[in-house]
Number of protein chains: 2
Amino acid sequence: MEQQTLCPRFEKGMDMFSRRWTGLIIYQLLEGTQRFCTIQGALPISGRLLSERLKELEAEGVVVRHVYPDIPVRIEYSLTDKGRALEPVIREIQKWSADWIEPNLQADQQ
Amino acid sequence: MEQQTLCPRFEKGMDMFSRRWTGLIIYQLLEGTQRFCTIQGALPISGRLLSERLKELEAEGVVVRHVYPDIPVRIEYSLTDKGRALEPVIREIQKWSADWIEPNLQADQQ
DNA sequence: ATAATTAGTTACGAATAGTAAGTGAATCGA
DNA sequence: TCGATTCACTTACTATTCGTAACTAATTAT
């Protein structure tokens, strides 16, 4: 069967968004600029993956990294305009989750 | 550092949405009921993964599967109300992609 | 001297994804 | 009647990604 073509921009957007942790990292940064360890403390993600994702998001222009040469070094991450523009996406996922996901989730379910 | 707790419903919604192909499958089914081979033809996904994802989405109540015992068998997939409720999420990702992803994507870029 | 903090990196096994081939029932063409 | 095709999957296997744990370097605290 012939491969229909999708809009490549939409496909790329979806691809970025459907990488694990991406959405939650952006959700966290919508609260404001945060340090590496703060993000890590807020999400159940390992340092290895957080580091990897932040690099990817920086490369895509969604996140910016600021280095403050304090001791110990302080590094802050924030959203660019492109990143902040994802807020409506996150909001819609929040709405959908609130409306359609059963509230009685137990630890060992699913 | 102590693990902050996220809203478990939001976390689950995000988790579902950020599994590869989920978004694009839902996007396809928003066009209406479709057969397995039609979805496969519309997306660059293999049969193995499409089958796996459709089962997961069915288990989550996002997709329904109808079997018509024609010859050869015809199986149609459609969105439930829960699935159709994801339309605003998809729309927002479309908007964002249109606004923020460079239009000149080449095959070998990124 | 030892431990802790920050923002990572490295190593490695486990889980997930992707590719290709196979399945079974039925239909069609040669 | 043999072989090819269709549909909706499975199975087998390899490649990529994930998750855990340990490690790094500079500095401060105990």
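Side-chain atoms are counted along with the backbone in the values below, which use heavy atoms only and exclude waters and symmetry mates. The sequence lines fix the lettering, A, B, ..., with proteins before strands; numbering per chain opens at 1.
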**Q** Provide, to the nearest angstrom, the distance between the CD atom belonging to B:E76 and the P atom belonging to D:dC7.
**A**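 Value for this atom pair: 13 Å.
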**Q** Could you state the atom-to-atom distance from CD1 of A:I45 to P of C:dA7 in whole Å?
**A** 15 Å
**Q** Nearest-Å distance, CG (B:L49) to C1' (D:dC9)?
**A**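 Atom CG in B:L49 sits about 13 Å away from atom C1' in D:dC9.
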**Q** Can you tell which of D:dT10, D:dC9, D:dC18 lies closest to the side chain of B:K55?
**A** D:dT10
**Q** Quick one: which of C:dA7, D:dA8, D:dT10 gets closest to the side chain of A:R65?
**A**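 Output: C:dA7.
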**Q** Please tabulate the protein-to-nucleotide N/O contacts below 3.5 Å involving nucleotides 26-28 of chain C, giving atom names and distances.
**A**
none

**Q** Does the distance from a Lys or Arg side-chain N to an Asp or Glu carboxylate O, for B:R53 and B:E58, drop under 4.0 Å?
**A** no
**Q** Between A:I45 and A:Q40, which heavy-atom pair has the shortest distance, and what is it?
**A**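 Heavy atoms of A:I45 and A:Q40 come nearest at O-CG, 3.6 Å.
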**Q** Report the distance from atom CD1 of B:I39 to atom P of D:dA8, rounded to the nearest whole Å.
**A**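 After rounding, the gap between these two atoms is 9 Å.
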**Q** Looking at the base of C:dA17, is there any donor atom on it, or on the side chain of B:R48, that sits under 3.5 Å from an acceptor on the other one?
**A**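 A donor-acceptor contact between them is present.
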**Q** Specify the separation, in whole Å, of atom CD of A:E52 and atom P of D:dT17.
**A**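 Whole-Å distance recorded here is 8 Å.
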**Q** Is the phosphate of C:dA17, meaning OP1 or OP2, less than 4.0 Å from a side-chain N or O of B:W21?
**A**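 So the side-chain polar atoms of B:W21 never come under 4.0 Å of the phosphate oxygens OP1 or OP2 of C:dA17.
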**Q** Students often get this wrong, so: under 4.0 angstrom with heavy atoms, is A:Y68 touching a base, only sugar-phosphate, or nothing?
**A**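 Here A:Y68 touches no strand at all.
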**Q** For B:Q40 and C:dA20, give me the distance from atom CD to atom P, rounded to whole Å.
**A**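 Distance, rounded to whole Å: 13 Å.
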**Q** Quickly work out the B:I75 CD1 to C:dA25 P distance and round it to whole Å.
**A**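 Those two atoms, CD1 and P, are 15 Å apart.
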**Q** So what does B:R74 touch, heavy atoms closer than 4.0 Å: a base, only the sugar-phosphate, or nothing?
**A**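 The residue B:R74 makes sugar-phosphate contact but no base contact.
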**Q** How long is the gap from CZ on A:R91 to CD on B:E92, to the nearest 0.5 Å?
**A** 11.5 Å
**Q** Tell me which donor-acceptor pairs under 3.5 Å the side chains of residues 25-34 of chain A have, and how far apart each pair is, sequence neighbours excluded?
**A**
| residue | atom | partner | partner atom | Å |
| --- | --- | --- | --- | --- |
| A:Q34 | NE2 | A:Q28 | O | 2.7 |
| A:Q34 | NE2 | A:G32 | O | 3.3 |

**Q** Counting only side-chain nitrogens and oxygens, does A:S46 get under 4.0 Å of the OP1 or OP2 atom of D:dA21?
**A** no
**Q** So, is A:Y77 near the phosphate of C:dG8, with a side-chain N or O under 4.0 Å from OP1 or OP2?
**A** yes
**Q** Mind checking if B:R20 touches a base, just sugar-phosphate, or nothing, with heavy atoms under 4.0 Å?
**A**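 Sugar-phosphate contact only - B:R20 comes under 4.0 Å of backbone atoms but never of a base.
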**Q** Considering all heavy atoms of both residues, which atom of B:F36 and which atom of B:L50 are nearest to each other, and what is their separation?
**A**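 Where B:F36 meets B:L50 most closely, the heavy atoms are O-CD2, 3.6 Å.
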**Q** Measure the distance from CZ on B:R35 to P on D:dT6 and round it to the nearest whole Å.
**A** 12 Å
**Q** Between B:R9 and B:E11, is the closest basic N to carboxylate O distance under 4.0 Å?
**A** no
**Q** Tell me whether A:R19 is salt-bridged to A:D15, with the criterion being a basic N under 4.0 Å from an acidic carboxylate O.
**A**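 A salt bridge is present here (some side-chain N lies under 4.0 Å from a carboxylate O).
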